[in-house]
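Taking it in order: structure first as structure tokens, then the write-up.
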Amino acid sequence: MEQVLIATRNAGKAAEFKQFFSRYQITALSMLDLEEELPDVEETGVTFEENAALKAEEISSKLGIPVLADDSGLMIDALYGEPGVFSARYAGTDKNDRANILKVLQKLQGVPESERTARFVCVIALSKPGEKTVFRTGYCEGNIAEEQSGENGFGYDPIFIPSDQKKTMAELTAEEKNRISHRTKAIEQFDEWIKGYKEGQA
Ligand code: IMP
């Protein structure tokens with residue numbers, strides 16, 4: 001595998017993946033590098049695995065090249081795993097981070113700190129034409145704050161306090177977040193897989 005397409009139009013995510021794959025002399029392209037505009041794959045799955053596989057497999061079979069896709073979200077124990085796969089649209093059909101945060105804080109009103117445990121989850125699917133899709137998962141454990149603070153990051157970062165931290169994810173620098181994030185953990189899980197794959201080819 002010399003090249004892999006990352007199924008994202010998010011420049012930040014694309015850069016993270018490109019940096020990771022460059023360690024293995026694998027060129028990672030993103031949807032932003034393609035001349036052809038591909039239609040969005042609908043995330044109709046009920047699990048992160050299903051959604052990641054839907055994206056990776058559909059684009060891989062269309063283009064005939066290896067494709068990597070991720071799906072992520074926040075799971076809150078006191079809300080039985082919500083917002084989960086619905087993280088982006090928890091408060092309605094438009095992706096509204098502020099409304100999503102307010103919904104979570106309202107639902108957790110009166111829930112004590114010890115019961116506000118949560119985790120970010122990221123599942124990555126790698127699909128190669130004619131081969132079984134490979135999955136890897138990364139987690140970032142933490143707690144939901146009583147109120148939001150911080151300006152960095154996106155999504156639920158202003159209310160997520162990673163374990164062993166006193167600040168919310170939105171108060172960390174990008175480097176600090178990348179060191180502990182669920183996406184980094186999931187990407188790193190591919191380390192052994194890629195080494196094994198390269199050895200198998202040698
Ligand atoms: P996606 O699958 O990466 O597009 O993430 C889906 C949704 O999960 C986002 O719209 C956010 O609401 C939430 N989410 C995923 N990763 C993060 C993160 O690193 N910080 C905050 N929210 C996140």
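In listed order, ligands and their atoms are each counted from 1.
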Under a 4.0 angstrom heavy-atom cut-off, which atoms of ligand 1 come close to [X]?
X	value
Lys177	18 (C), 19 (O), 20 (N)
Asp157	18 (C), 20 (N), 21 (C)
Gly73	8 (O)

What do you reckon, does [X] have a nitrogen or oxygen under 3.5 Å from a nitrogen or oxygen of ligand 1?
X	answer
Lys13	yes
Asn100	no
Asp70	no

Do the side chains of Leu34 and Val67 join up, straight or via other hydrophobic residues, at under 4.5 Å, putting them in one cluster?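 Both belong to a single hydrophobic cluster.
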Which protein heavy atom lies closest to [atom], and at what distance to 0.1 Å?
atom	value
atom 8 (O) of ligand 1	Ser87 CB, 3.3 Å
atom 9 (C) of ligand 1	Phe154 CE1, 4.1 Å
atom 22 (N) of ligand 1	Tyr156 N, 3.1 Å

Residue portion contacting ligand 1 (non-hydrogen atoms closer than 4.0 Å) for Lys95: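 Neither part.
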Given Met169, Lys55, Glu43, His182, which has its nearest heavy atom closest to atom 16 (N) of ligand 1?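 Answer by nearest heavy atom: His182.
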Nearest neighbour of atom 6 (C) of ligand 1 from the list Gly12, Ala170, Gly153, Ser72, on a heavy-atom basis: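 Nearest heavy atom to atom 6 (C) of ligand 1 lies in Ser72.
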Let me see the working for Ile159 and Tyr156 under side-chain contact (heavy atoms from CB on, under 4.5 Å), right down to the final yes or no. CA-CA 6 Å; Ile159 54 166; Tyr156 298 91; 4.2 Å; yes
Inspect the contact between Arg89 and Asp94 and indicate whether a charged nitrogen and a carboxylate oxygen are less than 4.0 angstrom apart.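 Salt bridge flag = no for Arg89 with Asp94.
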Specify whether Phe120 and His182 have parallel, tilted or perpendicular ring planes, treating 30° as the upper limit for parallel and 60° as the lower limit for perpendicular.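 The rings of Phe120 and His182 lie parallel, inter-plane angle below 30°.
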Should Asp71 be listed as contacting ligand 1, given a heavy-atom distance under 4.0 Å as the test?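 For ligand 1, residue contact (heavy atoms, under 4.0 Å) with Asp71 is present.
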Got a donor-acceptor contact below 3.5 angstrom from the [X] side chain to the [Y] backbone?
X	Y	answer
Asn51	Asp71	no
Glu131	Lys128	no
Arg116	Ile144	yes

Apply side-chain hydrogen bond (donor to acceptor under 3.5 Å, both in side chains) to residues Thr184 and Asn178 and explain how you reach the verdict. CA-CA 6 Å; Thr184 302; Asn178 283 344; 4.7 Å; no
I'd like to know whether CD of Glu58 has more than 12 heavy-atom contacts from other residues, nucleotides or ligands below 6.0 angstrom.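 It does not: Glu58 CD has 12 such atoms or fewer within range.
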